[in-house]
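First up is the structure itself, then whatever we jot down about it.
A note on names: the letters A, B, ... follow the listed sequences, proteins ahead of strands, and every chain is numbered from 1.
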Amino acid sequence: MGNPPGNDRQFMEAESNGSERKSLEQRAQMTELERLRHSCAHVMATAILRLWPDAQFAYGPPVENGFYYDVELDHRIAPEDFPAIEAEMKREIKANHVFEKVVVTRDQAIIDARSGRLGGLSERPGQVSKFKLDLLNQIPEGEPISYYRSGDFVDLCAGPHVMRTGNIGAYRLTSVASAYYKGDERNPQLQRIYGTAFKNKTQLEEYFKMLEEAKRRDHRKIGQEMGLFFMDAEYTGPGMPLWLPKGTVLVEELEKLAKETEFAAGYVRVRTPHLAKERMYLTSGHLPYYAESMFPPMELRAEGAQQRQLTETETQLQTSQFDYFRQIFPEWDGEWCGKFPPGMDLGKELSRRMQKRPDSERQEAEGKLQKLGEMSLFRSALVPERYYLKAMNCPHHHRIFAAEPRSYRDLPLRLAEYGCCYRYEQSGELFGLMRVRSLNMNDAHIYCTEEQFADEFRAVNDMYLKYFKVFGLEKYQMRFSTHAKAGLGKKYVDEPELWLKTEDLVRRVLQESGINYVEVTNEAAFYGPKIDVQVWSAIGREFTIATNQVDFAVPARFGLVYKDRDNALKTPLCIHRAPLGTHERFIGFLIEHYAGNFPLWLAPEQVRVLTLNDDTALVDYAKPIVTELRANMVRVEGDFSANPIKAKIADAETSRVHTMLVIGARDMEAGNVSVRLHGKGPQGAKPKGEVLAEILSAIRERRA
RNA sequence: GCCAGUUUAGCUCAGUGGUAGAGCAACGGUUUUGUAAACCGUCGGUCGUCGGUUCGAGUCCGACAACUGGCUCCA
């Protein structure tokens, strides 16, 4: 009876999921907390089955902050169902079932899956544990097949688990979302029930407290409160923030920081347009593979040019010229796509072909052309030209490298730019400032020789560490993504030796400089190994803030070369780096990190001078303080109104003004100002000059 | 793009198929005050958009848009 196992395969394999399946060794390394969470997923499945016996389960792994189980079920599980599920879970945990491992044969497992027993409380006649059956087929021959049983619930599972259900100290269901089986949209859509679990209640509560704090620090909320940016989806478009004056302060302070740092490190600044011709991205290799992530091209076509208000004469001239053009270019039939080789200079080709025509005809045509005034009009009316908004700066920088002959003496060449890029992120991906469609990158490309690479790469890392210090980031990690042999020629450029050599260089620098890093295979960029920089905010949430890439492929595609000592032309290596990532994401991160309470050098309003009342003498004493600070480029405002000082202070505090200078008659008479710091309360009265000097030096030194 | 939820004044949010509300902000006054909110008044709305059901729709139904939580994606 029964088909061979392979015939039960009915689901699509997600393409990138080759590495998803954990090996037995990896599973054995599951932490105590991960075991507990994975066990909790089984308990949750048990509870769901008690309520809805038809439920079919797929994957149920532990994840970063908890666990989930994917389930197929007609009933739509909503948060309102959570209490009922949690109540059933409580019963399972109280029963304190043992997680019992049962090793079975493949044949037995197939029989059980067909009877609906796997991922169920009992055999379910007429129901096949279809996802379990599919998972079974993925288990390589020779690898043991095991179940885990806890009470009535039996699941195909390699474990490991905690000893008993009673070991699950504290748990809570958190959310429900949809997910495709194996992440492939051709597969059935499942409900993904998320939960989290901890050893004890205290840890669970701490976790939810952290989430609460993150919610309180949500950059969208604080950005709104502080008037930093504005999302104008209806007019500007979704995912394209408008930076308000106070948010622009943050952007420009970050730019200033980067410009100073990069200048000191020997970078030079360049500026490039936001658009480039299609050819740019054909050469770079981004088209057509990444076209979906780019805004659709702008096409300058014949119709486009004709929409310009041509005079009647111009139109006539152009029409007769078109006829002439058709004679010269018989391959043209009004459509251009693919008729001529890309990049062909049609102007030159036209003159070349015209030279072969009789003199009289040529002279007449030339006369008309001259009357038309501009060859460019002629050409732009005929040649479809596609322009793309740039999604990255590197191609433009490559062209700058190519703009003049380079010698080894010019290297390393470090080109830096605040490039504004546009990426057509899927609508569902957009998220506040963290995921946007228009972004400003703290970008630079370092062109260097192989010998220089290690030093350059080390210097880039040092710059990261320096920034971490400025922002008080204590925890970071660099994720070093390398290639996998199997992907060569497909996912990765087919340069086996270059890959190994570059990865080795990178690895050595990371090790030598004592950088905290982890290595992950098969996640590199198309053209070279990549390093994602992860940082943790003040409340312990992880953010991927920047990416570093080594590129040994694209410079060659652009034909970039330098002349080496031996007079030979060589292709430089290129390091892409953006330590502050995009301003959008970095500022989003900083808002959470500082909870909007920025250090003095970053604060949108650094100082506010508050008078106790609007007495003329007092205002006359306060005004020059404002003027002097302003003259020193301090962002300062004055509040000299007759409102009660309590109200004025409350206003300044809610606006998160960093330093408040409170001035009453007492201060005036002593030549003092009373200092109050946001969130820290009054700091006492000090001589005016002393306070001003202190403010200026704190800003200059970017003190925390 | 897919699944689900949300959308009411500048902001935070009430609103039971039957006359659109509050607090804060803004604006106009009054108040002359020592470290987180003094008082009075005024203004503010196509209830996301479009369509449907109904005598009547902020409320019920549908489509679209945007946002949010996930999925996929993130060179």
Side-chain angles (χ1 to χ4, degrees), chain A residues 14-17 68 70 76-79 174-194 218 220-221 224-225 227 230-235 237-239 281 284-287 289-294 391-392 394-395 421 423-432 434-436 439 481 491-492 523-528 530 532 544 547 549 551 553-554 576 582 585 610-616 618 640-655 660-667 674-685:
Chain A
E15 278 163 32
S16 61
N17 274 7
Y68 66 80
D70 284 346
R76 286 236 158 264
I77 295 179
T174 50
S175 61
V176 54
S178 79
Y180 295 108
Y181 180 54
K182 290 180 183 168
D184 191 313
E185 63 186 347
R186 292 166 294 186
N187 284 336
Q189 197 150 32
L190 308 175
Q191 303 186 60
R192 179 166 292 184
I193 320 294
Y194 282 91
D218 190 314
R220 292 162 299 182
K221 185 167 160 267
Q224 161 87 276
E225 279 169 17
F230 173 55
M231 290 291 190
D232 187 11
E234 275 154 36
Y235 282 76
Y281 303 109
S284 72
H286 289 101
L287 287 175
Y289 300 107
Y290 301 111
E292 280 205 353
S293 304
M294 296 173 74
M392 69 296 294
C394 21
C421 298
R423 297 183 184 185
Y424 191 72
E425 301 289 356
Q426 294 179 39
S427 59
E429 288 313 314
L430 302 174
F431 171 67
M434 292 300 180
R435 202 68 187 275
V436 289
L439 38 118
S481 302
K491 200 172 161 187
Y492 308 118
E523 283 188 24
F526 175 68
Y527 47 69
K530 123 184 142 168
D532 288 315
T544 299
T547 304
Q549 282 156 4
D551 183 346
V554 184
H576 305 235
T582 69
R585 183 174 291 187
L610 313 160
T611 53
L612 231 61
N613 54 53
D614 64 351
D615 279 350
T616 317
L618 214 48
F640 309 139
S641 70
N643 288 331
I645 193 67
K646 273 175 185 275
K648 285 160 65 158
I649 282 171
D651 188 51
E653 288 282 356
T654 50
S655 314
M660 286 151 274
L661 302 181
V662 180
I663 297 169
R666 272 205 313 259
D667 304 295
S674 290
V675 179
R676 180 189 170 103
L677 297 179
H678 169 60
K680 293 182 183 141
Q683 309 289 307

| Paired with rA57(B): which nucleotide, if any, by Watson-Crick or G-U wobble criteria at under 3.5 Å for both distances? | none

| Which whole-number value in Å describes the distance from Y235(A) OH to rU49(B) P? | 13 Å

| task | Once you apply the 3.5 Å cut-off to both distances, tell me the Watson-Crick or G-U wobble partner of rC73(B), or none. | result | none

| said: With rounding to the closest Å, how many angstrom separate the C1' atoms on rG17(B) and rA66(B)? | reply: 27 Å

| request: Tell me which of F431(A) and R585(A) sits closer to the 5' end of RNA chain B, going by the nucleotide each one is nearest to. | output: F431(A)

| task | Taking E425(A) for its side chain and S293(A) for its backbone only, find out whether a donor-acceptor pair lies under 3.5 Å. | result | no

| message | Donor-acceptor check, side chain of Q549(A) to backbone of T547(A), threshold 3.5 angstrom: yes or no? | response | no

| What does rU35(B) pair with, Watson-Crick or G-U, if both distances are under 3.5 Å? | none

| request: Carefully, step by step, assess L661(A) and V675(A) under the rule side chain to side chain contact (heavy atoms under 4.5 Å, CB included). | output: CA-CA 5 Å; L661(A) 302 181; V675(A) 179; 4.0 Å; yes

| task | Check whether any side-chain nitrogen or oxygen of S293(A) sits under 4.0 Å from OP1 or OP2 of rA75(B), and answer yes or no. | result | no

| message | Can you confirm whether more than 12 heavy atoms, excluding those of F431(A), are under 6.0 Å from its CZ atom? | response | yes

| message | Any base atoms under 4.0 Å from T547(A), or only sugar-phosphate, or nothing? Heavy atoms, all strands. | response | nothing

| note | Between CD of E523(A) and P of rC73(B) the distance, given in whole Å, is 11 Å

| field | Sugar-phosphate only, base, or nothing, as touched by A665(A) at under 4.0 Å among non-hydrogen atoms | value | base

| request: Check every strand shown and say whether G432(A) touches a base, only sugar-phosphate, or nothing at a heavy-atom separation below 4.0 Å. | output: sugar-phosphate

| query | When the C1' atoms of rC50(B) and rG58(B) are considered, how many whole Å apart are they? | reply | 16 Å

| query | Considering only heavy atoms and no angle criterion, is a donor-acceptor pair shorter than 3.5 Å present between the side chain of R435(A) and the base of rC73(B)? | reply | yes

| request: For R676(A) and M660(A), indicate whether the former's side chain and the latter's backbone hold a donor-acceptor pair under 3.5 Å. | output: no

| rG1(B) versus rU72(B) - spacing of their C1' atoms, nearest Å | 8 Å

| field | Contacts of type side chain to side chain contact (heavy atoms under 4.5 Å, CB included), residue S284(A), not counting sequence neighbours | value | Y281(A), H286(A), P395(A), V554(A), F558(A)

| Taking N and O atoms by type only, does the side chain of D614(A) place a donor or acceptor under 3.5 Å from a partner on the base of rU32(B)? | yes

| field | M392(A) CE to rA75(B) P, straight-line distance once rounded to whole Å | value | 10 Å

| query | Taking NE2 from H286(A) and C1' from rC74(B), how many angstroms apart are they, rounded to a whole number? | reply | 13 Å

| Can you tell me the Watson-Crick or wobble partner of rU42(B), both distances under 3.5 angstrom? | rA26(B)

| request: Would you kindly give the OH-to-P distance between Y68(A) and rC71(B), to the nearest whole Å? | output: 8 Å

| query | Hey, which of these two, R666(A) or A524(A), hits RNA chain B nearer its 5' end, going by closest nucleotide? | reply | R666(A)

| query | Would the number of heavy atoms belonging to other residues, nucleotides or ligands and lying under 6.0 Å from NZ of K221(A) be above 12? | reply | yes

| note | Taken to the nearest 0.5 Å, the spacing of Y194(A) OH from D70(A) CG works out to 8.0 Å

| query | Quantified in whole Å, what is the P atom distance between nucleotide rG45(B) and nucleotide rC11(B)? | reply | 13 Å

| task | Have a look at L430(A) and say if it touches a base, only the backbone sugar-phosphate, or nothing, with a 4.0 Å heavy-atom cut-off. | result | sugar-phosphate

| task | Let me know the distance between CD of E225(A) and P of rC13(B), rounded to the nearest Å. | result | 11 Å

| note | Protein heavy-atom contacts under 4.0 Å, written 5' to 3' over nucleotides 35-44 of chain B as B (base), S (sugar-phosphate only) or - (none), form the string BBBB------

| For rC67(B), does OP1 or OP2 lie under 4.0 Å from any side-chain N or O of R220(A)? | no

| task | Write down the distance separating the C1' atoms in rC71(B) and rG44(B), rounded off to the nearest Å. | result | 42 Å

| message | Taking rU49(B) as the reference, what is the distance to rA57(B) when you measure between their C1' atoms (whole Å, please)? | response | 16 Å

| Say you pick atom P in rC47(B) and the same atom in rU8(B); how far apart are they, in whole Å? | 11 Å

| request: Would you mind reading off the distance between Q426(A) atom CD and rG70(B) atom P, rounded to a whole angstrom? | output: 16 Å

| request: Report the base-pairing partner of rU7(B) (Watson-Crick or G-U wobble, both distances below 3.5 angstrom), or none. | output: rA65(B)

Output a table of donor-acceptor pairs, distance under 3.5 Å, between side-chain atoms of residues 642-650 of chain A and any protein atom two or more places apart or on a different chain; print 'none' if there are none.
| from | atom 1 | to | atom 2 | distance (Å) |
| --- | --- | --- | --- | --- |
| K648(A) | NZ | T611(A) | O | 2.6 |
| K648(A) | NZ | D639(A) | O | 3.2 |
| K648(A) | NZ | S641(A) | O | 2.8 |

| Atom CD of E429(A) to atom C1' of rC73(B): distance rounded to whole Å? | 5 Å

| Are OP1 or OP2 of rC71(B) and a side-chain N or O of Y194(A) less than 4.0 angstrom apart? | yes

